[in-house]
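What follows is a set of notes on a single structure, which appears directly below.
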Amino acid sequence: MKMTLSSLASMLGLTLKGEDREFSGLNTITDASETEVTFLSNPRYVKFLKDTKACAVIVSKEHAGDVRSAALISDNPYVDYARAASLFVREQGEFSGVSELAWIHPDAEIGKDCVIHPFARIGARSKVGGGTAVFPGAYIGEDCVIGESCCIWPNAVILAGVTLGDCCVINSGAVIGTDGFGFVRHSGMMFKIPQIGTVELADGVDVGANSCIDRSALGATSIGDSTKIDNLVQIGHNVKMGEQCLIISQVGISGSTKVGDRVTMAGQAGISGHLNIGDDVTIGPQAGVPKDIADGITGGGSPFMEGSHYMRVAATMPKLHEMNKKIAQLEKEIDRLKALFSQEEK
């Protein structure tokens, strides 16, 4: 697809400074060609402005004068880059309508303008909202409610009784509503505790590839509006998560933990069960969280430490070996001095 810089500026509400010309796509500031647009949102990349080959840069007013090519002046370059990128998204699965090769139970309800690909499976009494796309190999169990304009990618699994709001995205390999991990030891045997609850996703929730959200033992595991979950995330049974959270790859959240709104959990963070994580909390990568976290706290480490304390500990860790050697030397010196004083006293 080709378009002009002026048409892009008009669509996004940007100011074009420099020559108008056609472009064919977007790329990074270091790799963009003369027919591509790039962006600058991180001050660390200002040094690349003078050498970028891009025909235009989406940039703040502050740095517009540093651009050698055309500048598309923006109040928020990263957001406007995302809006521009949406114009170049590749279509997946050129298909329309409801395939005769899909298995749809006679009691299921399919809304207007849905796209149901071959070999999708939709169970009894399930309802699929208008404009939703269900790709090949996707499994939707019995008694599910899928909202409008959702996208269920190939081989995603939505098990019985799960509810999705509007505009949800379930990526390939994700499993929504698998049994929570519930077992009890008794008389030398392991007994499974039936997980008879469900999962409820609000509007605009994204679930990444190969992530799992467990159904609750009782009640519902719930995810709030516009929360985004990366690939390879595990969310345990009865977790209650608020809106606009960002849960990054390989995070694990144990059962019955409550997570507030606008929480960020960085990669490989592990959260113990039955905790309360407040609003606007940021948890660093590979953190281990064993206790409640109040609103607005930022930190990391294992066990989790708050803000400045975590930074001091993190800065100290690489020095521990040398510190240990110095301590050993000091201990030897103290022992030598003790022996010397002991001899003098005699």
Side-chain angles (χ1 to χ4, degrees), residues 30 41-48 180-185 188 190 208 210-212 214 228-242 244-346:
T30 54
S41 63
N42 189 329
R44 293 174 58 187
Y45 292 90
V46 171
K47 60 186 177 183
F48 297 115
F181 193 69
F183 297 89
V184 61
R185 292 188 180 94
M190 294 288 286
N210 297 321
S211 289
C212 293
D214 293 350
K228 310 301 181 183
I229 298 167
D230 198 1
N231 304 332
L232 299 168
V233 169
Q234 162 65 26
I235 297 177
H237 55 184
N238 293 92
V239 167
K240 307 290 185 186
M241 184 175 295
Q244 297 184 34
C245 294
L246 294 172
I247 310 300
I248 315 304
S249 180
Q250 299 182 44
V251 164
I253 305 176
S254 298
S256 299
T257 285
K258 295 181 180 178
V259 179
D261 298 333
R262 301 172 300 280
V263 171
T264 298
M265 297 184 184
Q268 297 186 334
I271 317 300
S272 294
H274 302 272
L275 300 184
N276 289 294
I277 309 299
D279 297 339
D280 302 299
V281 167
T282 298
I283 298 171
Q286 297 187 327
V289 180
K291 59 183 181 180
D292 295 350
I293 302 177
D295 293 350
I297 297 296
T298 294
S302 185
F304 182 85
M305 294 165 276
E306 296 182 16
S308 59
H309 179 58
Y310 166 62
M311 297 303 292
R312 289 194 297 271
V313 170
T316 301
M317 291 295 288
K319 305 174 185 177
L320 286 180
H321 179 64
E322 289 300 318
M323 291 169 64
N324 188 56
K325 288 169 63 177
K326 289 180 180 180
I327 289 170
Q329 291 171 357
L330 289 170
E331 287 176 338
K332 288 181 180 179
E333 182 65 15
I334 290 170
D335 289 341
R336 188 186 69 81
L337 292 171
K338 282 182 177 179
L340 181 61
F341 289 139
S342 177
Q343 290 176 1
E344 289 180 351
E345 288 176 356
K346 292 178 180 179

Rounded to the nearest 0.5 Å, what separation is found between the [atom1] atom of [X] and the [atom2] atom of [Y]?
| X | Y | atom1 | atom2 | value |
| --- | --- | --- | --- | --- |
| Leu340 | Lys338 | CG | NZ | 13.5 Å |
| Tyr45 | Thr30 | OH | OG1 | 8.0 Å |
| Leu320 | Asn324 | CG | CG | 8.0 Å |
| Asp295 | Asp280 | CG | CG | 7.0 Å |
| Asn231 | Ser211 | CG | OG | 6.0 Å |
| Met265 | Ile253 | CE | CD1 | 4.0 Å |

Should the heavy atoms of other residues, nucleotides or ligands under 6.0 Å from [atom1] of [X] be counted, would the total exceed 12?
| X | atom1 | value |
| --- | --- | --- |
| Met311 | CE | no |
| Lys228 | NZ | yes |
| Met190 | CE | yes |
| Phe181 | CZ | no |

Could you pull out the closest heavy-atom pair between [X] and [Y], with the gap in Å?
| X | Y | value |
| --- | --- | --- |
| Leu275 | Val289 | CD1-O, 3.5 Å |
| Thr257 | Ser272 | OG1-O, 2.7 Å |
| Gly260 | Cys245 | O-SG, 3.1 Å |
| Gly273 | Ser254 | N-CB, 3.3 Å |
| Asp279 | Asp261 | OD1-N, 2.8 Å |
| Ile271 | Ile283 | CD1-CD1, 3.9 Å |

Heavy-atom side-chain contact between Cys212 and Gln234 under 4.5 Å: yes
Asp230-Gln250 side chain donor-acceptor pair, cut-off 3.5 Å: no
For Ile293, the option from Asn276, Val259, Val281 that meets side-chain contact (heavy atoms from CB on, under 4.5 Å):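 Only match with Ile293 under side-chain contact (heavy atoms from CB on, under 4.5 Å): Val281.
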Verdict with supporting geometry, Glu322 and Lys325, salt bridge (Lys or Arg N to Asp or Glu O under 4.0 Å): CA-CA 5 Å; Glu322 289 300 318; Lys325 288 169 63 177; 3.7 Å; yes
